[in-house]
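Just so you know, these numbers come straight off a predicted model, no measurement behind them.
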Amino acid sequence: GGPRPLPGQEVSVKVLGALEDGGLVERDPRLIFVPGHGDVVQALELGVPTMQPGEVSFYLAAFPYAYGLPGSREPDVPPEASLLFEVTLLEVRDGPDPQPLLPAVRLRLGSQRRERGNFHFARGDFAAALRSYRLSLRALD
């Protein structure tokens with residue numbers, strides 16, 4: 001129980017991701033992200049906001065919602081791979097406000113978001129790249 005994540009809130013999840021053949025490719029006991037910021041695969045971006053704290057969900061993600069056409073982390077995730085995710089929503093809290101952060105922390109956050117934008121751009125996901133670049137500028141502004 002508890003409220004579902006609202007836009008801009010930060011979530012903490014436990015996630016396991018496996019290929020259809022059962023090979024484990026993702027294991028994180030405490031992954032922290034803000035849904036909508038493009039920092040995780042789209043299956044998590046779309047699924048986690050529908051969950052309540054403590055809930056366990058399973059997502060079968062077709063490749064466009066997982067690591068996409070090219071795959072990722074070769075040879076772990078091959079091209080066009082569907083993944084099964086087991087996700088436990090551990091915590092929901094207000095997202096970080098970059099303005100009161102120290103300048104060095106804001107620079108690091110902006111750089112991380114820029115690098116994420118570069119990742120999306122290289123994969124041809126220009127909408128996600130633009131979103132990441134805007135988030136980068138917001139952290140620095």
- [ ] Search all heavy atoms of A62 against all heavy atoms of S82 and return the closest pair with its distance.
- [x] CA-OG, 3.6 Å

Open item on the list: What's the separation between atom NE2 in H37 and atom CD in E10, rounded to the nearest 0.5 Å?
Closed with: 9.5 Å

Task: With sequence neighbours excluded, residues passing side-chain contact (heavy atoms from CB on, under 4.5 Å) with Y133 - done: R114, N118, F121, A129

Open item on the list: Tell me if the OH atom of Y59 is crowded by more than 12 foreign heavy atoms within 6.0 Å.
Closed with: yes

TODO: Kindly compute the distance separating OG (S136) from CG (L109), expressed to the nearest 0.5 Å.
DONE: 8.0 Å

Open item on the list: Can you give me the closest heavy-atom contact between V92 and P53, atom names plus distance?
Closed with: CG2-CG, 4.1 Å

Scan the side chains in residues 39-46 for donor-acceptor partners under 3.5 Å anywhere in the protein, sequence neighbours excluded, and list what turns up.
residue: E45; atom: OE1; partner: G36; partner atom: N; Å: 2.3
residue: E45; atom: OE2; partner: G38; partner atom: N; Å: 2.8
residue: E45; atom: OE2; partner: D39; partner atom: N; Å: 3.3

Open item on the list: Taking T50's backbone N and O only, do any of them form a donor-acceptor pair with R4's side chain (distance below 3.5 Å, no angle check)?
Closed with: yes

- [ ] Would you check if P78 and L19 make a side-chain contact, meaning some heavy-atom pair closer than 4.5 Å?
- [x] yes

Task: V87 side chain reached by M51 side chain, heavy atoms, under 4.5 Å - done: yes

- [ ] Working to the nearest 0.5 Å, report the span between CD of E20 and CG of L83.
- [x] 8.5 Å

Open item on the list: List the residues meeting side chain to side chain donor-acceptor pair (under 3.5 Å) with R108, not counting sequence neighbours, and say none if there are none.
Closed with: none

- [ ] Measure the spacing between CG of L140 and CZ of R106 and express it to the nearest 0.5 Å.
- [x] 7.0 Å

Task: Contacts of T88 that satisfy side chain to side chain donor-acceptor pair (under 3.5 Å) - sequence neighbours left out - done: none

Task: Residues clustered with L90, ILVMFWY side-chain links under 4.5 angstrom - done: none

TODO: Taking all heavy atoms of A81 and all of A66, pick out the closest pair and write down the distance.
DONE: O-CB, 4.0 Å

- [ ] Check P5 against P49 and note the closest heavy-atom contact, atom names and distance.
- [x] CD-O, 3.8 Å

TODO: Using side-chain contact (heavy atoms from CB on, under 4.5 Å) as the criterion, list what pairs up with R134, not counting sequence neighbours.
DONE: L130

Task: Under the side chain to side chain donor-acceptor pair (under 3.5 Å) test, residues paired with Q9 that sit two or more places apart - done: D94

Open item on the list: Let me confirm one number: the NE2-CZ distance from H120 to F126, rounded to the nearest 0.5 Å.
Closed with: 12.5 Å

TODO: Find the distance between CZ (R113) and CG (L135) and round it off to the nearest 0.5 Å.
DONE: 5.5 Å

Open item on the list: In this structure, would V15 and Y65 fall into the same cluster of hydrophobic residues linked by side-chain contacts under 4.5 Å?
Closed with: no

Task: Polar side-chain atom of S132 near backbone of A128 as donor-acceptor pair, under 3.5 Å - done: yes

Task: Qualifying residues under side-chain contact (heavy atoms from CB on, under 4.5 Å), relative to F119, sequence neighbours excluded - done: R116, R123

TODO: Identify, with sequence neighbours excluded, every residue that meets side-chain contact (heavy atoms from CB on, under 4.5 Å) alongside L16.
DONE: L24, R27, E86

